[in-house]
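Written below as structure tokens is the structure these notes are about.
Values reported hereafter were calculated over all heavy atoms of this structure, with side chains retained and with hydrogens, waters and symmetry mates removed.
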Amino acid sequence: MTESLDSARLTAWRAYIEASQRLFTRLEDDLRVASGLSFADYHVLVLLSEAPGQRLRMGELAGRLVFSPSRLTYQVSSMQRRGLVARQPCPEDGRGNEAVLTAAGLLTLREAAPHHLRSVRTHLMDDLDDAEVACLTTIFTRLGRRLQGVDGTGAAPSTAHSDS
């Protein structure tokens, strides 16, 4: 049985969804203007930059990005045409392909990352009004308590769901 949402919680979640949609739209617009990258491009580059040898099997990359294999193939092909990544056979067993970060991809990521971080800070501070900040604070406080195993009263949460 799922817990029903009361009006205040429903309002908080709506505010969170609307604020996050607006925020991510502005962040992606800033990222595209600064570097020509989409969020998907940026995340592929970040994951490859953090991988050993700056390469990952396509399946592992798809799993980390929660992309379907066809979506990832399209994404990597698009980035390959722009010289940001290369696709090569896996050297260990020769089966399957890996996405490999190129020097141009690493340079693009290095140039985009500081701007993207400034953009995140700017939009988080400037684009959320006080009510949205209050709603987000409430949601993340509750989530933090739940993850720590504590409910609002300081007691460990019960495993039974209530209807309130």
is_close_aromatic(H43, F67), centroid dist under 6.0 Å: no
Hydrophobic cluster membership, L31 vs F24, 4.5 Å side-chain cutoff: yes
Heavy-atom neighbours of R14 CZ exceed 12 at 6.0 Å: no
CG-CG distance between N97 and L61, expressed to the nearest 0.5 angstrom: 12.0 Å
Backbone N/O of A86 and side chain of T102: donor-acceptor pair under 3.5 Å: no
Transitive ILVMFWY side-chain link F39 to L65, under 4.5 Å: yes
Any donor-acceptor pair under 3.5 Å from S20 side chain to I17 backbone: yes
Side-chain heavy atoms of L72 within contact of S68, under 4.5 Å: no
A104 to L84 - nearest heavy-atom pair and separation: O-CD2, 4.1 Å
Selection residues 48-67 - residue pairs positive for side chain to side chain donor-acceptor pair (under 3.5 Å), sequence neighbours left out: R55-Q88, R55-E98, R57-D93, E60-R64
Residue pair R87 / S77, side-chain donor-acceptor N/O under 3.5 Å: yes
Within-4.5 Å side-chain heavy-atom neighbours: V85 and L45: yes
T25 vs D29 side-chain heavy atoms within contact, under 4.5 Å: yes
Contact summary for T73 and M58, nearest pair of heavy atoms: CA-CE, 4.3 Å
Any donor-acceptor pair under 3.5 Å from S119 side chain to H115 backbone: no
From CA spacing to verdict: salt bridge (charged side-chain N to carboxylate O under 4.0 Å, His left out), R82, D41: CA-CA 11 Å; R82 296 182 338 228; D41 295 337; 2.8 Å; yes
Considering all heavy atoms, the nearest T108-S35 contact: CG2-O, 4.4 Å
Note, S38 side chain near Q75 side chain (heavy atom, < 4.5 Å): yes
Side chain to side chain contact (heavy atoms under 4.5 Å, CB included) assessment of V100 paired with L48: CA-CA 7 Å; V100 180; L48 290 175; over 6 Å; no
